[in-house]
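All remarks here apply to the structure that follows.
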Amino acid sequence: MSETRDLNRRALIRTAVATGVAATGVAAAGPAVAAPAGRTGTATLRWFGTSGWRIDVNGRTVLVDPYLTRFPTGLFTGAFDPATPLRVDADAIGSRVGAAETVLVTHTHWDHFNDVPHIAKTVPGARILGTLTAYHLALASGVPGGQAVPVKGGEHLDFGDYTVEVVASLHSRNAAYSLAFPGVRLTPPAAPRTIGDLPEGDTLAYQVTIAGGPKLFFMGGSDFVERNLTGLAPDVAMVALPSAGVVYDYTRRLLAALDHPRVVVPVHWDNFETPLRNPPAVAAGDAAKLDAFVAAIREASPRTRVLLPSYDTPYTF
């Protein structure tokens with residue numbers, strides 16, 4: 001179903017399109033339907049799990065944090081091993097990424113960056129945008145220099161059918177107020193071999209604006225620089241489940257800084273060490289967090305529609 005009425009002071013041009021809306025206001029995953037009449041530009045999105053997305057606009061494909069290999073590290077079983085070898089499942093990646101021309105990387109932990117070098121080396125002309133650390137790790141992984149583009153936040157790049165605004169951001173914090181594998185790579189290191197060889201490397205968010213269509217906001221970690229979000233006012237916001245309760249007033253501040261998007265899509269709530277099959281698996285410890293996050297979104301932004309996505313399912317905005 002879809003809604004077309006304006007919900008705030010902005011002349012909203014978008015609506016989430018998903019079938020089945022629960023009484024709580026959480027949209028159940030479903031196939032995309034036609035966009036509202038009068039729309040001159042739309043995009044179709046497919047969730048790859050974690051914070052990974054495929055965006056299709058006018059026959060062109062953009063990826064965000066495409067992690068499809070999904071190998072076990074012990075993270076969800078209490079036996080986390082930082083020495084877990086990196087590997088790529090080419091079959092899982094396969095046709096899912098299409099002829100991707102732009103790959104946006106929020107940060108370089110393995111569950112965001114692992115498959116990116118493979119995509120860049122196997123999809124002709126695929127261009128990686130990411131931090132300086134992403135740039136150097138891409139070079140170390142054999143990606144030609146011309147396909148890796150370092151960005152730091154503040155860039156607004158024009159690709160014709162869409163623009164990409166790069167937003168300096170922050171990574172999630174754990175219960176100890178820290179994060180896994182902190183650090184940056186200022187020069188190309190040895191080729192990464194284990195997940196511990198992929199540090200956070202600073203964190204970015206991205207706003208992709210479709211020509212004549214919606215503004216789509218993507219984040220890969222559950223923290224943010226409030227002032228950097230001012231004025232973005234996305235129509236649809238892909239926001240990360242808070243990993244711990246250490247970021248002050250996370251949900252209310254985030255939605256207010258984003259000017260209460262029409263649609264919010266929670267991400268990074270699935271167990272990304274299980275196969276990419278529907279329904280998405282949620283780790284036992286994250287199920288209650290997800291319920292609480294959805295409730296917090298509804299309380300902080302009552303007119304916002306919440307969409308819980310399924311894998312590989314088209315949603316048109």
Side-chain angles (χ1 to χ4, degrees), residues 1-2 14-22 26-35 42-72 76 87-106 110-116 118-120 122-123 126 162 206 208 210 214 216-220 236-241 263-283 286-287 290 294 305-317:
M1 63 180 295
S2 64
R14 77 284 186 198
T15 185
V17 286
T19 60
V21 179
V26 179
V33 298
T42 63
T44 298
L45 277 62
R46 291 169 176 82
W47 187 42
F48 287 159
T50 322
S51 59
W53 290 90
R54 171 173 170 164
I55 309 163
D56 287 293
V57 52
N58 288 343
R60 303 171 68 184
T61 298
V62 179
L63 304 178
V64 182
D65 284 358
Y67 177 57
L68 294 156
T69 298
R70 298 170 69 92
F71 53 79
F76 292 92
R87 63 181 179 86
V88 167
D89 185 344
D91 290 336
I93 297 169
S95 61
R96 281 190 172 100
V97 301
E101 63 179 43
T102 304
V103 184
L104 308 178
V105 178
T106 65
W110 82 98
D111 54 322
H112 301 257
F113 185 76
N114 180 84
D115 292 347
V116 170
H118 171 82
I119 294 168
T122 57
V123 178
Y162 61 93
Y206 296 93
V208 178
I210 307 304
L216 311 169
F217 176 77
F218 299 88
M219 62 190 301
V236 185
M238 276 50 74
V239 299
L241 175 76
V263 182
V264 165
V265 184
V267 297
H268 220 325
W269 50 265
D270 62 319
N271 182 339
F272 53 82
E273 299 191 353
T274 60
L276 200 70
R277 293 196 297 262
N278 287 316
V282 186
D286 288 335
L290 179 59
V294 170
R305 181 171 300 283
V306 183
L307 170 64
L308 289 180
S310 288
Y311 300 140
D312 289 329
T313 301
Y315 300 94
T316 297
F317 299 96

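Worth saying up front: this structure is predicted, and the values here are computed from it rather than measured. Hydrogens, waters and symmetry mates play no part in the numbers below; they use all other heavy atoms, side chains included.
When all heavy atoms of T50 and V267 are compared, the closest pair comes out as O-CB, 3.4 Å. Here the closest heavy-atom approach between residue L63 and residue T61 is recorded as CD2-CG2, 4.1 Å. The heavy-atom pair separating A120 from A126 by the smallest distance is CA-CB, 4.1 Å. Between R54 and G98, the closest heavy-atom pair is NH1-N, 3.5 Å. Of all non-hydrogen atoms in P214 and T42, the two that sit nearest each other are CD-CA, 4.4 Å. Scanning both residues, L241 and H268, for their nearest heavy atoms gives CB-O, 3.9 Å.
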Report task. For side-chain contact (heavy atoms from CB on, under 4.5 Å), just list the numbers for I93 and T122, CA-CA rounded to whole Å, side-chain angles, deciding distance to a tenth of an Å, and then say yes or no. Result -> CA-CA 11 Å; I93 297 169; T122 57; over 6 Å; no
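Taking CD from E101 and CZ from R60, the interatomic distance works out to 4.0 Å, rounded to the nearest 0.5 Å. Here CD1 of I55 is found 6.5 Å from CG of L104. Values are rounded to the nearest 0.5 Å. The CG atom of D91 sits 12.0 Å away from the CG atom of L68 when rounded to the nearest 0.5 Å. Distance check: D65 CG to N114 CG gives 12.0 Å after rounding to the nearest 0.5 Å.
The side-chain contact (heavy atoms from CB on, under 4.5 Å) search around A90 returns H118, not counting sequence neighbours.
A salt bridge does not link D89 to R70: none of the charged side-chain nitrogens sits closer than 4.0 Å to a carboxylate oxygen. Remark: D115 does not engage R96 in a salt bridge, criterion side-chain N to carboxylate O under 4.0 Å.
A 4.5 Å side-chain heavy-atom check between F218 and T106 finds every atom pair outside the cut-off. Taking the side chain as every heavy atom from C-beta outward, W269 and D286 never approach each other to under 4.5 Å. Taking 4.5 Å as the limit, some side-chain heavy atom of P266 sits within range of a side-chain heavy atom of V306. Side chains of V103 and V97 form no contact here, defined as non-hydrogen atoms less than 4.5 Å apart. Using a 4.5 Å heavy-atom cutoff, the side chains of V208 and F217 are not in contact. Residues W47 and Y315 are not in side-chain contact: their nearest non-hydrogen atoms beyond the backbone lie 4.5 Å or more apart. Using a 4.5 Å heavy-atom threshold, the side chains of S51 and H112 count as touching.
Distance alone, capped at 3.5 Å, is enough to place a donor-acceptor pair between the N278 side chain and the Y311 backbone. Judged by distance alone, with hydrogens and angles left aside, the side-chain atoms of Y67 form no donor-acceptor pair with the main-chain N or O of F48 at under 3.5 Å.
In this pair, F272 and F76 present their aromatic rings perpendicular. The plane angle is above 60°, beyond the 30 to 60° band.
Counting non-hydrogen atoms of other residues, nucleotides and ligands closer than 6.0 Å to CZ of R87 gives a total above 12.
Applying side-chain contact (heavy atoms from CB on, under 4.5 Å) to V265 and the options L216, L45, V236 leaves one that passes, V236.
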